[in-house]
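The block underneath contains the structure these notes are about, expressed in structure tokens.
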Amino acid sequence: MKKLILALLTLLLILTAAACGEDTKPGGEEPAANQEDPIENPQDAGAEEEPDALVDWNGLDFGPNLSYAEEYNSAADPGEYLSAAEAAKLSFGLAKAQGAIPGYSDDNEYTMTLVDLAAVEGEECYIYRCDGDMVSAQFAYALESGLLYTQNQGGAWLPLLDGADAE
């Protein structure tokens with residue numbers, strides 16, 4: 001009976017040591033010092049971390065003073081329409097050309113952040129917040145028509161530029 005209890009305690013001790021995560025490979029080898037555990041580093045396991053702001057978003061170059069970020073997840077395929085990142089770059093360029101970014105300067109840094117997908121004047125739009133050194137503005141890019149809206153201080157959306165005018 002004592003041998004059975006001793007065997008059970010030994011087995012329990014071995015299982016406890018294994019459950020505590022002894023860092024050995026099946027052959028008793030120690031793992032290489034430079035290998036990272038994919039569980040501890042989710043990026044190596046294929047998980048993607050959301051960046052705060054990027055100058056280059058999936059290969060789309062935003063230029064020297066414009067970054068792009070997302071607070072709203074736009075992972076869905078936009079189909080025949082521009083992606084949220086492409087529309088952000090276009091919206092910024094159009095708003096800048098129309099003087100809708102007060103005090104714009106090539107020396108300042110700006111971020112176009114996707115904050116929502118909502119209907120404006122009955123059309124589905126990407127909603128962006130443009131932040132810079134001295135400016136914060138809201139823009140809506142209409143997916144189908146390409147119409148660009150700006151939001152006034154009262155919260156109303158005003159057409160800024162017709163997509164046909166942009167060509």
Side-chain angles (χ1 to χ4, degrees), residues 21 23 25 31-167:
D23 236 357
K25 291 184 179 177
N34 64 352
Q35 286 183 334
E36 292 184 23
D37 184 0
I39 302 300
E40 291 177 17
N41 189 349
Q43 285 185 323
D44 290 345
E48 293 183 16
E49 185 176 310
E50 286 289 309
D52 290 334
L54 295 176
V55 173
D56 183 331
W57 184 268
N58 292 336
L60 184 63
D61 181 12
F62 281 87
N65 68 335
L66 179 61
S67 312
Y68 177 71
E70 289 186 346
E71 290 177 2
Y72 176 85
N73 183 358
S74 70
D77 180 6
E80 63 189 74
Y81 304 117
L82 293 178
S83 71
E86 292 167 323
K89 182 178 179 179
L90 177 64
S91 295
F92 183 80
L94 296 174
K96 181 175 73 171
Q98 292 294 310
I101 302 177
Y104 174 82
S105 169
D106 286 336
D107 297 330
N108 293 339
E109 295 292 320
Y110 299 91
T111 302
M112 286 290 279
T113 303
L114 178 68
V115 295
D116 202 0
L117 183 64
V120 173
E121 299 294 322
E123 189 174 358
E124 190 171 35
C125 295
Y126 293 124
I127 309 296
Y128 300 102
R129 183 182 67 243
C130 177
D131 295 308
D133 290 342
M134 301 298 288
V135 67
S136 183
Q138 293 270 91
F139 297 102
Y141 177 83
L143 275 67
E144 191 171 329
S145 68
L147 187 65
L148 183 62
Y149 295 90
T150 186
Q151 192 173 41
N152 69 14
Q153 290 182 347
W157 290 104
L158 305 172
L160 183 63
L161 182 68
D162 188 325
D165 294 340
E167 296 175 7

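Positions are given from 1, in the same order as the sequence printed here.
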I'd like to check the ring pair (Phe, Tyr, Trp, His ring centres under 6.0 Å) partners of Tyr128; sequence neighbours left out, ordered by chain and number.
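For Tyr128 there are no ring pair (Phe, Tyr, Trp, His ring centres under 6.0 Å) partners, ignoring immediate neighbours.
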
Identify the heavy atoms of [X] and [Y] that sit nearest to each other, and give their distance.
{"X": "Gly103", "Y": "Asn108", "answer": "O-ND2, 4.1 Å"}
{"X": "Tyr126", "Y": "Leu82", "answer": "OH-O, 2.9 Å"}
{"X": "Tyr110", "Y": "Cys130", "answer": "CD2-SG, 4.4 Å"}

For residues 83-94, tabulate all N or O donor-acceptor pairs below 3.5 Å that involve a side-chain atom, not counting sequence neighbours.
{"unit_1": "Ser83", "atom_1": "OG", "unit_2": "Glu86", "atom_2": "N", "d": "3.1"}
{"unit_1": "Ser83", "atom_1": "OG", "unit_2": "Glu86", "atom_2": "OE1", "d": "3.2"}
{"unit_1": "Glu86", "atom_1": "OE1", "unit_2": "Ser83", "atom_2": "N", "d": "2.8"}
{"unit_1": "Lys89", "atom_1": "NZ", "unit_2": "Asp61", "atom_2": "O", "d": "2.7"}
{"unit_1": "Ser91", "atom_1": "OG", "unit_2": "Ala87", "atom_2": "O", "d": "2.7"}

Pairs of donor and acceptor atoms involving the side chains of residues 131-141, under 3.5 Å and at least two apart or interchain, shall be tabulated with distances.
{"unit_1": "Asp131", "atom_1": "OD1", "unit_2": "Ser136", "atom_2": "OG", "d": "2.9"}
{"unit_1": "Asp131", "atom_1": "OD2", "unit_2": "Arg129", "atom_2": "NE", "d": "2.7"}

Would you say the side-chain atoms of Ser105 pair up with the backbone N or O of Asp107, donor to acceptor, closer than 3.5 Å?
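Such a contact is found between Ser105 side chain and Asp107 backbone.
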
Spatial distance of atom [atom1] ([X]) from atom [atom2] ([Y]) [nearest 0.5 Å]:
{"X": "Thr111", "Y": "Tyr68", "atom1": "OG1", "atom2": "OH", "value": "12.0 Å"}
{"X": "Asn65", "Y": "Lys96", "atom1": "CG", "atom2": "NZ", "value": "6.5 Å"}
{"X": "Gln151", "Y": "Leu160", "atom1": "CD", "atom2": "CG", "value": "13.0 Å"}

Which pairs would a plain distance check flag for residues 114-125, meaning a side-chain donor or acceptor within less than 3.5 Å of a matching protein atom at least two apart in sequence or in another chain?
{"unit_1": "Glu123", "atom_1": "OE1", "unit_2": "Ser145", "atom_2": "OG", "d": "2.9"}
{"unit_1": "Glu123", "atom_1": "OE2", "unit_2": "Glu144", "atom_2": "N", "d": "3.0"}
{"unit_1": "Glu123", "atom_1": "OE2", "unit_2": "Ser145", "atom_2": "N", "d": "2.6"}
{"unit_1": "Glu123", "atom_1": "OE2", "unit_2": "Ser145", "atom_2": "OG", "d": "3.3"}

